[in-house]
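Labels below follow one simple rule: chain letters A, B, ... track the order of the sequence lines, proteins then strands, and each chain is numbered from 1.
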Amino acid sequence: MVSFYDTRLREIVPFVPLVDGRVSMYVCGPTVYDDPHVGHARTAFTFDMIRRYLQWRGFEVVFVSNITDIDDKIIARAAETGTTETELATRYEQVYTEQMDRFGIARPDHQPHATAYVEQMLDFIGNLMDRGAAYAIEGKGVYFSVAAHSRYGDLIGRTTEELREGAGARVEVDVDKIDPLDFALWKAAKPGEPVWDSPWGPGRPGWHIECVAMATDLLGETFDIHGGGDDLAFPHHQNEVAEAEGAGLGFARHWIHGAMLNVNGEKMAKSLGNFTTLSDLLDICDPQVLRLLMLQTHYRTVMELSDDALAGAAGALDRLRSWNRRAQAARLNPSAARDRDAVARFTAAMDDDFGTPAALAVVFDLVREGNAALDSGDTTRAETAHSTVRNLARALGLLLRDSAFHLDTKVELLLAERDEAREAKDFAAADRIRDELAARGITVEDTPDGTIWRKT
RNA sequence: GCGUCGGUGCCCGAGUGGACUAAGGGAGUGGCCUGCAAAGCCAUGAUUCACGGGUUCAAAUCCCGUCCGGCGCUCCA
C-alpha cells in the first residue's frame with residue numbers, strides 16, 4: 001500500500017484515496033514574474049515523480065497546478081520594467097512552461113489562473129464574512145480572523161499561542177488587525193495597481209485565497225493531496241487550511257511538502273549569488289542528469305546541487321544508457337517477462353514515502369545483473385533484467401535511450417571503413433579511424449553483437 | 001531569539017534499535033575480458049555514522065548537552 005509522510009500528521013500514513021482508484025492532487029504552481037530557477041524545478045520534479053508513480057501503481061490521477069498571475073511581486077516587477085502585469089505574467093508563464101517541458105515535467109491536467117477566479121474568491125470571502133470568520137478594515141481590505149480557526153498552526157506543529165509569541169519576529173505587525181496572526185483575504189486598491197470591484201471596495205485578492213478557490217472548484221470540496229515546496233507550509237498552506245475549514249470545506253486530506261535545494265553548501269538565493277535558472281542549467285546539463293540527481297535524493301531531504309553532484313549523476317545516467325545500448329545491440333526482447341522480485345522490492349521502496357533512492361538501487365542492481373548475464377551468454381536472464389529496467393525507469397520518468405543525434409554521412413562512412421579495416425585485421429587503420437571519430441565526438445564500442453557508437 | 005529538519009566514506013546520498021560485516025551512484029586502485037580500446041564483470045575502500053555523555057543484552061538509529069547547517073516565524077519584503 002502506498003504510504004507517505006503527511007506534514008500535518010507529522011508521520012508516514014497509509015494512503016487511501018477518497019474515491020477508490022482515483023487520486024486528486026493540487027500542487028502550488030509558480031508566481032510568474034521571473035525565470036524559474038533550479039529550486040522551482042525540484043519542487044515540480046517532486047510532484048511529477050509522485051504523480052507518475054501513482055499512475056504506474058494503477059491510480060487515475062487528476063493533477064491540478066495553478067499559475068499565480070497577480071501578486072505583489074508581479075506588480076513590482078511590471079512597474080520596474082515598464083510593462084503591464086498581464087504582459088509580464090504571460091511572458092513568464094510561457095518561459096515556465098517551456099523550461100518545465102524541457103526538463104520533462106508532465107503538464108498538469110488543469111492549470112487555472114488566479115485572475116480567472118476572482119469572482120469565486122469574492123464569493124468565498126463573502127461566505128467567510130457571513131460565518132464571522134473575516135472582517136473588513138476600512139481602506140485596507142478584508143482579513144481572515146485566526147480566532148475562528150482553533151487548529152491554526154497545526155500544519156507546522158505549533159499552537160496558535162506559540163505563533164502569536166513569534167509574530168513580528170521578522171516583520172512588523174499591522175496594528176489595525178484584531179489579532180497579529182490575521183491575514184489579508186482582499187487588499188484594498190493602491191494607485192496604479194490592477195483592480196477588481198468587490199463588496200468591500202476596489203482591490204485585489206490576497207495571497208492564499210486563490211488556491212482554495214481553484215482547488216475546490218476543480219477537485220471538489222475535499223480532495224486527496226495538496227502539495228508544494230517546504231517553504232510554503234507556513235504561512236501559505238496554513239492559511240489555506242484556515243480559510244477552507246473556516247468556510248466548512250473538508251479541503252486537503254493530506255499535505256506533502258518537498259525539501260529545498262542547496263548550491264555548494266548554501267541555499268540557492270539571489271542574495272548569495274548562487275542563483276541558477278533552470279534554463280541556464282539545462283543549457284549545460286542533460287535534463288535527464290538533473291532528474292537522476294533528484295531521484296537519488298529523497299524528496300524530503302535538502303538536496304545538494306554542485307558540479308561534483310551533477311558529474312556523479314551524469315556518470316550514473318551513462319551507466320543506464322550503456323546498458324540500454326548494449327541490450328538493444330543484443331536485440332533483447334524489451335517486453336520479456338519481468339523480474340517479479342525486483343518489481344516487488346521497487347514497489348516496497350516507493351510505497352514507503354516515495355523512496356526513490358532505494359528504488360533506484362533496485363534498478364542499478366538489475367543493470368549489473370543484466371550486464372553479467374550478457375557477459376555469460378544468459379539471454380533469458382538479460383531479457384528479464386532489460387524488460388524490468390525499462391518498466392521501472394518509466395515509473396520514475398527516466399528515459400534510457402540516448403539523446404537524439406544524427407550521424408552525418410562522413411561519420412557513417414568512417415564507421416563502415418573501420419569495420420572493413422578490422423575485418424581485414426588492419427588494426428593500425430582501424431585505430432586511426434577511431435581517433436578521427438573521437439575527434440568528431442563519436443565513441444565506438446566493439447561488442448560481440450557488432451560495433452555500436454555513442455556521442456561523447 | 002523561538003520552532004522545525006538535518007550533520008553518514010574522496011564526492012553525491014540511502015538507512016532511524018538487532019540480517020549494518022553501513023544500500024545505490026560517481027571518482028580511485030588491482031584483476032578479467034578486448035588485437036588495443038570502449039562498455040562490462042569481479043575485487044578493493046567508513047572497525048565507523050559532527051562531538052561529548054547516557055539508556056539498552058544490542059544504537060548511525062532512542063535520550064540529554066555542545067558545535068555547525070537548511071527552512072519557517074502573517075499582509076509588506
With a 4.0 Å cut-off, would you call [X] and [Y] a salt bridge?
X       : Y       : answer
D48(A)  : R42(A)  : no
R325(A) : E445(A) : yes
D435(A) : R432(A) : no
D351(A) : R57(A)  : yes
D6(A)   : R10(A)  : no
R368(A) : D365(A) : yes
D375(A) : R326(A) : yes

Closest nucleotide among [options] to the [X] side chain:
X       : options                : value
R10(A)  : G70(B), U4(B), G35(B)  : U4(B)
R454(A) : A38(B), U74(B), C36(B) : A38(B)
P235(A) : G40(B), C36(B), G72(B) : G72(B)

Base, sugar-phosphate, or nothing: which does [X] touch, judged by heavy atoms less than 4.0 Å apart?
X       : value
R326(A) : sugar-phosphate
D431(A) : base
V302(A) : sugar-phosphate
K73(A)  : nothing
W323(A) : nothing
F427(A) : base

Next on the checklist: Show me the dot-bracket string of RNA chain B, counting Watson-Crick or G-U pairs under 3.5 Å, with | for pairs to another strand and [ ] for crossing ones.
Outcome noted: ((((((((.[[[..)..(.....]]].(((((.......))))).....[[[[[..)....]]]]])))))))....

Separation of the [atom1] atoms in [N] and [M], to the nearest angstrom:
N      : M      : atom1 : answer
G72(B) : C12(B) : P     : 23 Å
G15(B) : A59(B) : C1'   : 13 Å
C67(B) : G52(B) : C1'   : 11 Å
G65(B) : C73(B) : C1'   : 25 Å
C42(B) : U4(B)  : C1'   : 46 Å
A58(B) : U16(B) : C1'   : 15 Å
U61(B) : A19(B) : P     : 14 Å
C20(B) : G24(B) : P     : 11 Å

Next on the checklist: Reading RNA chain B from 5' onward, which residue's closest nucleotide shows up sooner: R204(A) or D231(A)?
Outcome noted: D231(A)

Checklist entry - When you match A430(A) and G355(A) each to their closest nucleotide on RNA chain B, which lands nearer the 5' end? => result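 Its nearest nucleotide lies further toward 5', so the answer is G355(A).
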
How many whole angstroms separate atom [atom1] of [X] from atom [atom2] of [N]?
X       : N      : atom1 : atom2 : value
R300(A) : U4(B)  : CZ    : C1'   : 13 Å
D318(A) : A38(B) : CG    : C1'   : 12 Å
R418(A) : C36(B) : CZ    : P     : 13 Å
H298(A) : U16(B) : NE2   : P     : 11 Å
D378(A) : C41(B) : CG    : C1'   : 14 Å
I209(A) : U74(B) : CD1   : C1'   : 15 Å
D449(A) : U34(B) : CG    : P     : 15 Å
Y299(A) : G13(B) : OH    : C1'   : 17 Å

Checklist entry - Y5(A) and W255(A): ring-ring contact (aromatic ring centres under 6.0 Å, His included), yes or no, with the steps? => result CA-CA 8 Å; Y5(A) 185 86; W255(A) 288 87; over 10 Å; no

Item to check | R434(A) (side chain) and A37(B) (base): donor-acceptor pair under 3.5 Å | outcome: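 For R434(A), whose side chain was compared with the base of A37(B), there is a donor-acceptor pair (under 3.5 Å).
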
Checklist entry - So which heavy atom on R8(A) is nearest to which on L155(A), and how close? => result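 Smallest interatomic distance, heavy atoms only, reads CB-CD1, 3.7 Å.
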
Next on the checklist: Each nucleotide in nucleotides 21-27 of chain B should get exactly one letter: B, S or -. Can you fill that in based on protein heavy atoms under 4.0 Å?
Outcome noted: --BSSS-

Next on the checklist: Under 4.0 Å from OP1 or OP2 of A14(B): is there any side-chain N or O of T301(A) that close?
Outcome noted: yes

Next on the checklist: Both conditions, 6.0 Å and 45 degrees, for the charged tip of R422(A) above the ring of F427(A): are they met here?
Outcome noted: no

Next on the checklist: Taking the ring centre of each residue, are W56(A) and F346(A) less than 6.0 Å apart?
Outcome noted: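 Between W56(A) and F346(A), the centre distance is under 6.0 Å.
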
Next on the checklist: Is it the case that the ring center of H208(A) lies less than 6.0 angstrom away from the ring center of H237(A)?
Outcome noted: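 No, ring centres 6.0 Å or more apart.
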
